[in-house]
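All remarks here apply to the structure that follows.
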Protein chains: 2
Amino acid sequence: MHQFSGYPSSEPHHHPLSSLSVDTQSLQNQIDELATFSDSPAPSVTRVLYTDKDVAARRYIKNLMGLAGLSVREDTIGNIFGRWDGYEPELAAVGTGSHIDAIPYSGKYDGVIGVLGAIEAINVLKKAGFKPKRSLEVIMFTSEEPTRFGISCLGSRLMAGSETLQKALKNTFDSQNVSFLDAAKSAGYARDKDDLSSVHMNYGTYSGFVELHIEQGPILEAEGIPIGVVTAIAAPASIKVDFEGDGGHAGAALMPSRNDAGLAAAELALAVEKHVLESGTIDTVGTVGILDLHPRAVNSIPSKAHVEIDTRDINETRRNIVLEKIHQSAIDIANKRKVKLSGFEIVNQDPPALADNKIIEAMEASSRELNLDYKLMVSRAYHDSLFMARVSPMGMIFIPCYKGYSHKPEEYSAPEDLTNGVKVLALTLAKLSLA
Amino acid sequence: MHQFSGYPSSEPHHHPLSSLSVDTQSLQNQIDELATFSDSPAPSVTRVLYTDKDVAARRYIKNLMGLAGLSVREDTIGNIFGRWDGYEPELAAVGTGSHIDAIPYSGKYDGVIGVLGAIEAINVLKKAGFKPKRSLEVIMFTSEEPTRFGISCLGSRLMAGSETLQKALKNTFDSQNVSFLDAAKSAGYARDKDDLSSVHMNYGTYSGFVELHIEQGPILEAEGIPIGVVTAIAAPASIKVDFEGDGGHAGAALMPSRNDAGLAAAELALAVEKHVLESGTIDTVGTVGILDLHPRAVNSIPSKAHVEIDTRDINETRRNIVLEKIHQSAIDIANKRKVKLSGFEIVNQDPPALADNKIIEAMEASSRELNLDYKLMVSRAYHDSLFMARVSPMGMIFIPCYKGYSHKPEEYSAPEDLTNGVKVLALTLAKLSLA
């Protein structure tokens, strides 16, 4: 293993990386411009998989990759790759990237800085005269957010090789009853065949993968530390629950005769909170982000309720205990309220992922060489890196964000934090490229 | 006051109403045909104010009125009137009617039989050779259901002369941000001016008003009684509540830092149920039919929640106590959960309405003369009759419906019950016409 110094001198074709110059204004302009591809008004961003806005944003990214001198390719579900060939191109490449899809009414930094920042890191390395040994690849992952089809990290999950997911996607529909494959085709993907197996990559396809991301938590900002070096990603799980009752007229159906699916859902939402708090540690979180009533009329007793629950923990066992308790509560509430528990589906139940020690060391060394204070930390949010850990040794670089806000329009990272993040990413990529 | 015999012989131009022949098959066909004007698949019906389906259904009704020999007019918001001139046309007319709009995924009888049944009642009286003294008017009221603009009984409320509502409608928007007036214009109404005052009718415009309706409750079916004679309509109220919190990422924001607007909404829904049950009588009901979360993403803490509550009682004071308790709960929950109670609007808080004694007598006499058992009862659902009671003496005729189901696709009334209802309506109209 090479010593990662960041200032290689013994290898051919290298210039020393004595200065890394980030064009922060240009990066900020790109972040602002990308935010205009949105289905909700500024300052919010809504960019959902395979919509017109998503397709336009993808075009924008591919164009930027081209301007950075990267050769661009896409796989059958629209993961986008921009490659800078190294002088030993037969070696496994070093990957970096993130996503640009945005949940409804969210902000413009989540994911985006890991794509635009990666392209800028390439520009920085080129300006510095760096010559990569291993090729460098910027990846834009398809649908990290579960917005449209209820499946998070769709692109990286398929890369990591989920055959179950490959099969499931042939029968996956959005809320408008559009199938995944039809949606992909309408965006210009999945054209020739419905076989998604080509997306899969074997472990070792990349020698390393690094993702730059906003923290989405308040710690770095509160402690005044510019860089977070991620050591692990918490174990996420999500559940869909459906209750069914008889419904009826809100005036005529008297209370004793009711079995209100909406009240069952309300009780379950509060039970999720209770079970999470019972874990006794702040590392357990649980959220009901979706609660839909049917027929959704003020004068009609809900006959159906649909609930989607997200729960995470850095400890997988503890997370699974919460899942079990939620399941038992759903059963108990259905019994008590005489509604039918017509669905209880664990959509995903992923283990945590550990960052690779050598990549952690490269990120730490890069921070030190750039005189940037850093903190080792856990990512409580999950990312494509959770799945890239199955394809490659993985690491993540966090930068501070305002009040820890994310998934809302107020999401913000200061230009100097963006600059620091891109520098650490660039130097880390350089080290990994030469390793 | 005349004695209502139903078999007048001393007046000119009368034939005795010795037989009332309802074309039940034709009425059933019309009910089935009207149900096809729907934005959801059969057997459900979804027909929302001023949509294309609503406009087509209105055309269908106007056509049937024309075929029945009625002269048709519409007011500026689309209340439709079909008039059969009496031989003393200067006297106040007798009104009958209901609505044809249908909440999402509901059934085909609610409201509809009070319009189609009224037209058939006119046909029955014509076939029987009846000549009305007072004119008879069939009314199709605009938007009894609050689906689109959150306002129930929009047409009859405006007829009854709510100046507050007239003003409010100039700034009322649907969930797609379409204004009431733009929606009305797109359906061909409110064309020349935005002044809705012409809809108003003074008390006495009608000498009486009778509405035929399915019970929307289980009593008549359970007791095997074909006709309900309504003596009062319960006092309805509805409320819109909005909570706002900071939202955030479902993974990164730890539980102690959260103020989840969705959980506040869930607690309020359960508090509504609790306060209603505390009233100690089955006559109090309360329902949360709408509970919307924002941004409605599984991995996002709800930053906003919108709740719509319906509560009713035959006792207005008791109903108002429930409203007060719900308000207090909303305040307490917001304080406890550190969310903002950004909205608490009592959308309507209507008093109960009493049926007019003379109209009750006419309905009772008609039932007796037709050898139909009847029951005096309270309407727990409200109807356009609640507001027509401010325009005219009012009465309502109920017929049984399957299991009391309403506001869902299983809503059903048997042909013989429809026939009985139309007969009692026809005879009652005849009596009131001659009074």
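Residue numbering restarts at 1 for every chain, and letters A, B, ... go by the order of the sequence lines.
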Pick from [options]: which one has the most heavy-atom pairs with chain A under 4.5 Å?
| options | value |
| --- | --- |
| B:I219, B:D110, B:L254 | B:L254 |
| B:R380, B:E267, B:H249, B:H294 | B:H249 |
| B:V307, B:D246, B:L291 | B:D246 |

Applying a strict 4.5 Å limit to non-hydrogen atoms, the region of B:V276 in contact with chain A is side chain
The interface call for B:P256 against chain A, heavy-atom contacts under 4.5 Å, is side chain
Below 4.5 Å from any heavy atom of chain B, which atoms of [X] appear? Answer side chain, backbone, both or neither.
| X | answer |
| --- | --- |
| A:A253 | backbone |
| A:S406 | both |
| A:L277 | side chain |
| A:I103 | side chain |
| A:S300 | both |
| A:E411 | neither |
| A:R312 | side chain |

Closest heavy-atom contact between [X] and [Y]?
| X | Y | result |
| --- | --- | --- |
| B:P295 | A:P104 | CB-O, 3.2 Å |
| B:P146 | A:N299 | CD-ND2, 3.3 Å |
| B:M255 | A:T284 | CG-O, 3.6 Å |
| A:L270 | B:L263 | CD2-O, 3.9 Å |

Problem - Euclidean distance, B:L293 CG relative to A:T287 OG1, rounded to 0.5 Å - result: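 Atom-to-atom, A:T287:OG1 and B:L293:CG are 11.5 Å apart.
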To the nearest 0.5 Å, atom CZ of B:R296 lies from atom OG of A:S175 at 6.5 Å
With chain B, which of [options] has the greatest number of heavy-atom pairs at distances under 4.5 Å?
| options | value |
| --- | --- |
| A:G404, A:P218, A:G286, A:A305 | A:G286 |
| A:A266, A:G247, A:S44, A:G217 | A:A266 |
| A:S152, A:G251, A:P302 | A:G251 |
| A:I309, A:D292, A:T46 | A:D292 |
| A:K240, A:E410, A:R258 | A:R258 |

Run the numbers on A:E273 and B:R337 for salt bridge (Lys or Arg N to Asp or Glu O under 4.0 Å), then give the verdict. CA-CA 12 Å; A:E273 184 190 41; B:R337 291 196 170 268; 2.8 Å; yes
Would B:K408 and A:I301 satisfy side chain to side chain contact (heavy atoms under 4.5 Å, CB included), going step by step from the backbone distance to the final call?
CA-CA 10 Å; B:K408 54 183 193 168; A:I301 300 162; over 6 Å; no
With a 3.5 Å distance limit and no angle check, can you tell me whether A:H407 reaches the backbone of B:A250 through a side-chain donor-acceptor pair? no
Residue B:Y105 excluded, over 12 heavy atoms near OH under 6.0 Å
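Incorrect, the count does not exceed 12.
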